[in-house]
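The block underneath contains the structure these notes are about, expressed in structure tokens.
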Amino acid sequence: MGDKFVGTPKKASVHVNQNEDLIFEKSSPGKKAYRLSELDVPAVDAAALLGDAVRTDLGVMPELSEIEIVRHFTRLSTWNYAIDLGMFPLGSCTMKYNGRVNELVARLEGLADAHPYQPESLSQGVLEIMQVLSDSLLDITGMDSITLQPAAGAHGEFTGILLVRAYHESKGNPRKKILIPDSAHGTNPATAAVVGYQVQNLKSNAEGMVDLEELEKLVDEDTAALMLTNPSTIGVFESEIHKIADILHAKGALLYMDGANMNALVGKVRPGDFGVDVMHLNLHKTFSTPHGGGGPGSGPVACKKILEPFLPTPVLATKSNGTLTLDYNRPQSVGRVRAWYGNFGMFIRALAYILANGPDGLRQTTEDAVLNANYLRAKLEDVFDLPFKTASMHEVVFSDKLQAKNGVKTGDMGKRLLDYGFHAYTVSFPLIVAGAMMIEPTESESREELDLLIDALRQIAREAEENPELVKTAPHTTRLRRLDETTAARKPVLRWKAPVASTQLTPDTAAKEW
Ligand SMILES: *Cc1c(COP(=O)(O)O)cnc(C)c1O
């Protein structure tokens, strides 16, 4: 044992270990969370109003007192790990902290209550928010036109590739395939396939970048586009991206950039300047809007002029009298991709974030995000294998190669990290790195918090050497221990059902019912 592992970790946490029955199991007949005085007006005849639509049998509903309900949900809420409790070093996800002020602005009455049916004359303020956000994002990306409609990153990819398809079809030259490097995000090949393209895989070179010679061989008159994640999923910037663009353009193909990782680029470089034709942004990553838990996302798509006619309807336009309007008369449009105009609440939050930071603040954010990732890299590269030595941007990918010798895998170490009070890093992704450990600290974290994570990860590396069983059986301090993830994924029990007679419902019998 060398002295590379010194000290004991400063942060270790024990989760609150209560047991909590389901709310249905706590129920007892007749309990109520309220008391109302007798009705002193005639009761509404629901059946007369709604006819057959009236539901009289409410099934089994839980019956509890108010404090029992409050305690039940408060206790459940303590089981969640949240950015408000600690760091989420989940690579590829940009789990940054979203300033409270963004929420405050999004909840202003006039904005939160704006209705999509409101006449245009009363909607100039909300349209202006969309306009200023669009202009800001165009400024940041160096592109010409934008749609804010898509509801997520993958939805943005779908929209962007629809534009590519419409463009080639408009030239009477529908093409068949899309090239995708092996370092791309997994949604890219899925998107290309959903839009009806054949996916052709492009191998990365030893630096983890697109192999230009290989690209030149593969691009032909049947190539619609290359979908490039930049920085790639290994956190590497494609430094020859302008050459990649030239190779594609020479054959009439387009360059799509997956811009979900713009956290590493905002304020430093603009994709429009290095040959990108179309890209999406993840407002719910880079632009500090809430993220995760299936909440609303936002994946605007920005493009060059050649793709502008195909953008989804409606698009923002300015009338001759200077007021803003929504233009639906767009004969070449790919159509709508989302009801109304997109997730408007996200636009407000993103714009609040952009305006609060300003150009200098956004640039600083990018620099801090990249600095934080490189700080982690420098402090950990002596204990974890670093498969690609190329400079890291906003995230760093290690592998479990050194620990795997003792039978300890990336997933084991991710679970052990829970014992130290952190969310796990991204486990086993990207796929081009066997046993990947992908870490993205974001700019939100202080040096102190980064040091705590470094401490914990170094301790785990030490444990993997001295006591591999401890890591392989982690987590030990969480409310639930290691779960059977395969069964959980294949036979999920998602709904409570009243036990039938004497047969108690177990996860097994519940799974069968599904
Ligand atoms: C997160 C991410 C996506 C997908 O975004 P969603 O909003 O989850 O659909 C696509 N590409 C990259 C590189 C990403 O990091």
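Each ligand, and each atom within it, is numbered from 1 in the order the structure gives. These numbers come from the heavy atoms of this one structure, side chains and all, not from hydrogens, waters or symmetry mates.
- The shell of residues lying under 4.0 angstrom from ligand 1, judged by heavy atoms, excludes His155.
- Within the 4.0 Å heavy-atom shell around ligand 1 one finds Ser92.
- At a heavy-atom cutoff of 4.0 Å, ligand 1 is contacted by both the backbone and the side chain of Ala154.
- Under the 4.5 Å side-chain criterion, counting only non-hydrogen atoms from C-beta, Arg330 is in contact with Glu308.
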Next on the checklist: Go through it in stages, so that I can follow the logic: the residues are Leu226 and Ile244, the test is side chain to side chain contact (heavy atoms under 4.5 Å, CB included), and I'd like the CA-CA distance, side-chain angles, deciding distance and then a yes or no.
Outcome noted: CA-CA 9 Å; Leu226 167 74; Ile244 294 175; 3.4 Å; yes
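- Close approach of ligand 1 to Thr229 is summarised as follows: ligand atoms under 4.0 Å from at least one heavy atom of the residue are 13 (C).
- Residue Ala260 approaches ligand 1 through these ligand atoms, each under 4.0 Å from one of its heavy atoms: 2 (C), 11 (N), 12 (C), 13 (C), 14 (C), 15 (O).
- Of all the atoms in ligand 1, the ones that sit under 4.0 Å from a non-hydrogen atom of Gly153 are 5 (O), 6 (P), 7 (O), 9 (O).
- In this structure, atom 8 (O) of ligand 1 is not in close contact with the protein, since no protein heavy atom lies within 4.0 Å of it.
- Here Asn282 has side-chain heavy atoms under 4.0 Å from ligand 1, and that is the only part of it that gets that close.
- Near Ala152, meaning under 4.0 Å from any of its heavy atoms, are these atoms of ligand 1: 7 (O), 9 (O).
- Using a 30° and 60° split on the angle between ring planes, Tyr117 and His115 fall in the parallel class, below 30°.
- In terms of protein heavy-atom proximity, atom 14 (C) of ligand 1 is nearest to Lys285 NZ, 2.8 Å.
- The N/O atoms of His280, backbone and side chain alike, include none that comes under 3.5 Å of an N/O atom in ligand 1.
- Taking all atoms of both residues into account, the shortest heavy-atom contact from Gly414 to Val427 is CA-CG2, 4.5 Å.
- Residue-ligand proximity, Thr187 to ligand 1, at heavy-atom distances under 4.0 Å covers atoms 10 (C), 11 (N).
- Annotation for Lys177: atom NZ counts as buried by contact number, over 12 foreign heavy atoms lying within 6.0 Å.
- In this structure, the protein non-hydrogen atom closest to atom 11 (N) of ligand 1 is Asp258 OD2, 2.5 Å.
- Using cut-offs of 30° and 60° for the angle between ring planes, the Phe384 and Phe398 rings count as tilted.
- His168 and Tyr197 have their aromatic ring centers separated by at least 6.0 angstrom.
- Using cut-offs of 30° and 60° on the angle between ring planes, the pair His423 and Tyr81 is tilted.
- With Ser399 contributing its side chain and Ala436 its backbone, the two residues share no donor-acceptor pair below 3.5 Å.
- Distances below 4.0 Å separate heavy atoms of Glu157 from the following atoms of ligand 1: 10 (C), 11 (N).
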